[in-house]
Amino acid sequence: MEKKVILIKDTGFKSDTTRDIQSLFLKAIRDIGAEESIQIVRAADLGIYNQGVVVKILPDNTVYTHINSDNIDQIVKAVHKGEVLENLLLKDRVEQTRIVLRNCGVIDPENIEEYFSKGGYTSIAKCLFDLTPAKVIKEMKKSGLRGRGGAGFPTWMKWSFAANSFGDEKYVICNADEGDPGAYMDRSVLEGDPHSVIEGMTIAGYAIGAKHGYFYIRAEYPLAIERVENALKQAYERGLLGKNILGSDFSFDLEIRLGAGAFVCGEETALIASIEGKRGTPNPRPPYPTDSGLWKKPSIINNVETLANISAIFQKGGDWFSSIGTEKSKGTKVFAVTGKVKNSGLVEIAMGTSIKDIVYNIGGGVLNEKQLVAVQTGGPSGGVIPKKHLDTPVSYEHLQELGSIMGSGGMIVMDEDDCMVDISKFYLKFCVDESCGKCAPCRIGGYQMLSILNKISEGEGELEDMDKLHRISQAMQKASLCALGQTAPNPVISTLRYFEDEYKQHIIDKKCRAGKCSKLIQYTINPDKCKRCRLCVTNCPVSAITGDREHGYTIDQEKCIRCGRCFEVCKFEAIARV
Amino acid sequence: MEQNTTATGDVSFLVEKWRDKKGSLIMILHEIQNHYGFVPRDISLQLSKLLDVPLARIYEVITFYNYFKLDPPGKYTISVCLGTACYLKGAPEIVDEIKNLLNIEEGQTTEDGLFHLDVVRCLGCCGLAPVMMINGQIYGKVKRSEVVDILSRYKKED
Ligand SMILES: Cc1cc2nc3c(=O)[nH]c(=O)nc-3n(C[C@H](O)[C@H](O)[C@H](O)COP(=O)(O)O)c2cc1C
Ligand code: SF4
Ligand code: FES
C-alpha cells in the first residue's frame with residue numbers, strides 16, 4: 001500500500017503546540033499500529049492562514065483545519081481507512097464543481113458497494129437496457145464533452161467514427177499514461193474512483209461495438225494499478241464485466257497494460273505500438289485509430305478524466321452536463337495547481353472559471369506574498385499566460401487564443417523568482433529527452449532550439465537567435481510526424497510572445513532578472529553588512545572566498561561557480577546577487 | 001565492487017502465463033524486472049529462446065523504455081523529483097548536491113552498491129516541493145544543506 005503523509009503546519013519555533021500535536025499524532029498512529037503506512041512530516045508552511053492548527057494529508061491533498069487534541073485519533077483512523085472527515089474539511093472560498101472527482105476521497109475505492117451507493121453502474125444498466133448504441137452517442141453529443149487528454153476532440157465524434165468503422169473486432173483504450181511532468185489528476189482518479197473509469201469504458205465499448213478494452217497505465221503508478229486490478233476483479237465478480245453483462249447480450253472484457261517510462265507513448269499511435277509489445281514510436285495519421293488502431297482494428301483512445309465523466313453524464317443527462325461551462329467547453333476541468341501557490345493541490349472547476357479565481361480564491365494566492373508573473377498550462381505542449389490575462393476564463397477556446405492550451409491539467413504558478421528563458425529550457429529539454437528520434441524535424445530541431453536557449457541563458461546569445469527560434473519552431477510545427485514534435489516549441493513561442501523583453505535582457509544586458517541563469521549572475525560581499533562570521537568561507541565548495549577578520553572577505557569571481565551557497569547561508573544578508 | 005549482472009532462474013512460467021495474450025513482451029519484462037530489480041542478460045537470452053524472437057528485438061524494446069534497467073539497482077534508490085513544481089523550487093540544486101556527495105550521475109549506482117540516483121517526474125506531492133524519495137520514504141521541502149544529513153542516516157544504518 002502507498003504511504004500516506006500527514007503534514008502538520010509548523011506554528012513556529014517559539015510555540016510548542018506543533019511538537020505536542022506531532023507527538024499526539026505519533027501516539028495515535030502507534031495505537032492503531034499504522035507506523036508503516038502513515039508518516040508524519042512537519043511543514044514550515046502549508047499556505048493556509050488563520051485556520052488554527054492545520055494538517056494536510058498526502059497524496060489525497062485533504063486539508064483539515066481548526067484541529068485540537070480531541071480530533072487526532074479520529075483523523076488518524078480516517079487516514080488509515082481512506083475516509084474523509086467532512087466536518088473538519090477546509091472550506092473553499094470559490095466553489096469547486098465536482099463531477100470527475102465526485103467520489104474521490106469520499107468513497108472507499110477498494111469497495112464496489114460504496115461506488116454502488118453513489119449510483120455507480122446504474123449508467124451502464126441504463127445504456128444497455130434503455131438506449132441503443134446510436135442513442136448513447138447522441139446523448140454524448142448533447143453533453144458536449146470534449147477530450148480531457150489535451151487536444152479537446154469531441155468525444156461523441158470519436159465514438160461515432162469508430163462505431164461506423166467496419167468490423168466486429170474493435171477496442172476501447174484508456175490513456176492513463178499521464179505524461180505532463182507537473183500533473184497528477186489521472187492518477188488521483190484511478191486511485192480514488194477506479195470504477196467510474198471502468199464504467200465509462202464499458203459504455204464506450206457498448207457505443208462503438210467493442211468487446212475488448214485496455215487500460216494503459218504508467219508503471220510508475222503502482223497504487224493506481226493495484227486499485228484498478230482490484231476494481232476489475234470486483235466488476236467481474238458482479239457480472240459488470242465479462243460475458244453478457246447484467247444479463248444483456250453485450251459482453252466486454254478489460255485488461256491492464258503497463259507503460260514503461262516513455263512520454264511519447266501518451267501519443268495515440270505510439271501508445272498502440274506499445275500495447276502491441278513494441279517500441280513506442282508514433283506512426284503517421286491517417287489512418288486514424290478509429291479506422292485502423294490496435295492490431296489494425298478500429299479503436300478509440302480516451303483519457304482517464306474524459307472517461308470518468310461518462311457515467312455522470314448518463315446518471316444526470318447530457319442536458320445537465322452541457323448546462324455547466326461555456327459555449328464551446330462543457331463540464332468541468334481538473335487542474336493540478338502547483339508551483340508558487342499557497343495551497344497546491346487538485347482543483348475541479350466549472351469551465352469558464354477565471355484563472356485568477358483558481359490561483360487566488362482557491363489556491364490562496366502566491367507563496368510568500370511575491371508577485372505573480374505568469375501561469376503555465378498544458379505542460380510541455382502548452383504555454384504561459386502572463387499576469388495581464390489572468391482574468392481569462394478557462395476554456396479550450398480562450399486558452400488557445402492566448403497561445404496556450406488546456407492540456408491535461410497542469411497549472412503552474414510562477415513568480416518573480418522564475419526566469420522565462422529557464423522555464424522554456426526546462427520544457428524543451430523535457431521534449432528533447434523524450435523525443436523518440438524517428439523524424440528529423442523533432443530530433444534535430446529540438447536539439448538546435450535547446451542549444452540556442454542554452455547560449456542565451458549563458459549570456460552568449462545574439463538578437464538574431466530569437467528569429468532563429470521562431471524559424472525552427474515553425475519547421476517543427478509543420479514537419480514533425482507527431483504532436484510531441486509539433487507542440488514542443490510552444491513553451492518557447494509563448495514565452496517569446498509575452499516576455500520578449502526578458503529574452504532581450506539576457507541577450508543584450510547579459511542579465512537574468514530572476515537570478516536563475518547562473519552564468520549571468522555574480523555574488524559579492526557587502527563589507528558594511530558583513531559581520532566577518534566566516535560562515536560563507538566554510539561553506540564555499542571551491543574556496544573562492546578569501547580574506548581575514550581584519551580586512552574583510554571577497555569572492556574571487558574567477559573561482560566562483562555561482563552555486564549560491566554563500567547567499568543561502570549568510571545570516572546578515574551581506575551577500576548580494578547581481 | 002563488481003556488480004553482478006547475471007542471474008539464474010526459470011522464466012518459462014511467465015511465458016506460459018502470457019502465452020495466449022497478444023503483444024505481451026512488455027508485460028513479461030515488467031514481471032522480470034519486478035522480480036530481479038532489473039532485466040538480467042541471461043534471462044533475456046532465455047526469453048528470446050522461449051518466445052522464439054531474436055535477442056535484438058528484446059533489447060530494442062528494453063532500451064527504448066526508460067523504466068527497464070539492465071543493471072542491478074543500489075541498496076537504496078534515491079529518486080529526486082524533477083517535475084515542474086520541484087524544478088521551480090530548486091530540485092536541480094538537490095540533484096547537484098547528491099551527485100557531488102556520491103560522485104555519481106543520474107541513473108548510476110555508487111561503487112559500493114549502496115545508492116542509486118534516479119530523477120523522476122512529479123511524485124504527486126507538489127505541495128512539498130522539492131521532493132525526494134529514498135526507497136519509498138518521502139522527504140519534502142528538502143534544502144540543499146540537509147542532503148548530507150539525510151544520506152548519512154542511510155550510510156550509518158548500513
Ligand atoms: C507526446 C504526447 C503525449 C500525450 N500524453 C497523453 C497522456 O499522458 N494522457 C492522455 O490522456 N493523453 C495524452 N496525449 C493525447 C493523446 O494522444 C490523445 O489525444 C488522448 O488520449 C485522447 O483522449 P481524449 O480524447 O479523451 O482526450 C498525448 C499526446 C502526445 C502527442
Ligand atoms: S515528432 Fe518527435 S516524438 Fe514524434 S515521431 Fe517525430 S521524432 Fe518521434
Ligand atoms: S513536481 Fe515534484 S512532486 Fe509534483
Side-chain angles (χ1 to χ4, degrees), chain A residues 3 5 7 39 41 43-47 56 58-59 61 178-184 187-188 219-220 255 257-263 265 274-281 295 336-340 343-345 376 379 410 412 414 417-418 423 426-427 430 436 539 541 563-565 568-569, chain B residues 18 21-31 33-34 51 53 57-69 79 81-93 96-97 100-101 118-129 131 133 136-141 143-145:
Chain A
K3 211 172 218 170
V5 180
L7 286 176
Q39 186 187 339
V41 176
D45 187 10
L46 288 174
K56 183 170 192 172
L58 296 176
N61 268 315
E178 192 149 74
D180 178 345
Y184 53 94
R187 160 180 161 186
S188 305
E220 293 88 339
E255 285 180 60
R257 287 289 183 271
L258 302 184
F263 173 63
C265 285
S274 184
I275 295 184
E276 290 172 351
K278 299 189 279 209
R279 291 164 62 104
T281 47
W295 292 298
V337 183
T338 66
K340 307 292 178 62
N343 310 329
S344 70
Q376 209 275 357
I412 320 277
M414 298 175 179
D417 293 336
D418 296 316
I423 298 295
F426 168 78
Y427 283 117
F430 177 82
C436 79
N539 270 282
C563 69
R565 208 167 296 214
E568 272 169 30
V569 297
Chain B
W18 289 93
K21 308 267 187 201
K22 283 199 268 184
S24 56
L25 176 58
I26 293 174
M27 295 307 281
I28 295 176
L29 290 172
H30 270 297
E31 296 213 28
Q33 178 152 312
N34 276 348
L51 291 174
V53 295
R57 171 129 149 74
I58 294 178
Y59 267 76
E60 182 187 87
V61 169
I62 296 176
T63 53
F64 180 84
Y65 294 99
N66 291 328
Y67 193 80
F68 295 128
K69 298 186 172 25
S79 313
C81 177
L82 268 191
T84 318
C86 289
Y87 180 84
L88 291 181
K89 291 194 181 160
E93 291 174 5
D96 282 346
E97 184 73 9
N100 280 336
L101 288 171
D118 267 335
V119 300
V120 295
R121 275 154 188 154
C122 196
L123 292 165
C125 35
C126 312
L128 276 180
V131 180
M133 200 167 75
Q137 169 85 18
I138 291 167
Y139 295 90
K141 306 219 171 186
K143 295 205 191 69
R144 177 160 62 186
S145 53

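Only a predicted model underlies this, so the values are computations on that prediction, with no experimental measurement involved.
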S.K.: Below 4.5 Å from any heavy atom of chain B, which atoms of A:Ile275 appear? Answer side chain, backbone, both or neither.
M.R.: backbone
S.K.: When heavy-atom pairs shorter than 4.5 Å are enumerated against chain B, which of A:Lys278, A:Lys340, A:Arg565, A:Glu220 gives the highest number?
M.R.: A:Arg565
S.K.: Atom OG in B:Ser24, atom CG in B:Leu29: separation rounded to 0.5 Å?
M.R.: 9.5 Å
S.K.: Could you pull out the closest heavy-atom pair between B:His30 and A:Ala260, with the gap in Å?
M.R.: NE2-CB, 4.0 Å
S.K.: To the nearest 0.5 Å, how far apart are OG in B:Ser79 and CD in B:Gln137?
M.R.: 12.5 Å
S.K.: With distance as the sole test, does B:Lys22 use its side chain to make a donor-acceptor pair with the main-chain N or O of A:Glu276 at under 3.5 Å?
M.R.: no
S.K.: Got a second to check how far A:Phe263's CZ is from A:Glu178's CD, nearest 0.5 Å?
M.R.: 11.0 Å
S.K.: Measuring heavy-atom distances to chain B, does A:Ala183 have an atom under 4.5 Å in its side chain, in its backbone, in both, or in neither?
M.R.: backbone
S.K.: Would the distance check show the side chain of B:Glu97 and the main-chain N or O of B:Ser145 forming a donor-acceptor pair, the cut-off being under 3.5 Å?
M.R.: no
S.K.: Which answer fits B:Leu82, side chain, backbone, both or neither, if we ask what part of it has an atom under 4.5 Å from a heavy atom of chain A?
M.R.: backbone
S.K.: Between A:Cys563 and chain B, which part of the residue has a heavy atom less than 4.5 Å away: side chain, backbone, both or neither?
M.R.: both
S.K.: What residue, out of B:Ile62, B:Ile138, B:Leu25, has the most heavy-atom pairs lying under 4.5 Å from chain A?
M.R.: B:Ile138
S.K.: CG of B:Leu123 to CG of B:Leu128: how many Å apart, nearest 0.5 Å?
M.R.: 10.0 Å
S.K.: Does any backbone or side-chain atom of B:Glu93 lie under 4.5 Å from a heavy atom of chain A? Answer side chain, backbone, both or neither.
M.R.: side chain
S.K.: Using heavy-atom distances under 4.5 Å, tell me whether A:Gln39 contacts chain B through its side chain, its backbone, both, or neither.
M.R.: side chain
S.K.: Is A:Glu255 salt-bridged to B:Lys21, going by a charged N under 4.0 Å from an acidic O?
M.R.: yes
S.K.: For the CD atom of A:Gln376 and the CZ atom of A:Phe426, what is their distance to the nearest 0.5 Å?
M.R.: 9.0 Å
S.K.: Does any heavy atom of chain B fall under 4.5 Å from the side chain of A:Ser188, the backbone, both, or neither of them?
M.R.: neither
S.K.: So which of A:Asp418, A:Val337, A:Val569 has the biggest tally of heavy-atom pairs under 4.5 Å with chain B?
M.R.: A:Asp418
S.K.: Output the option from A:Pro541, A:Gly280, A:Cys436, A:Gly564 having the highest count of non-hydrogen pairs under 4.5 Å with chain B.
M.R.: A:Gly280
S.K.: Counting heavy-atom pairs closer than 4.5 Å to chain B, which one of A:Ser274, A:Gly379, A:Gly410 comes out on top?
M.R.: A:Ser274
S.K.: Do you know which of A:Asn539, A:Thr338, A:Asp417 has the most heavy-atom pairs with chain B at a distance under 4.5 angstrom?
M.R.: A:Thr338
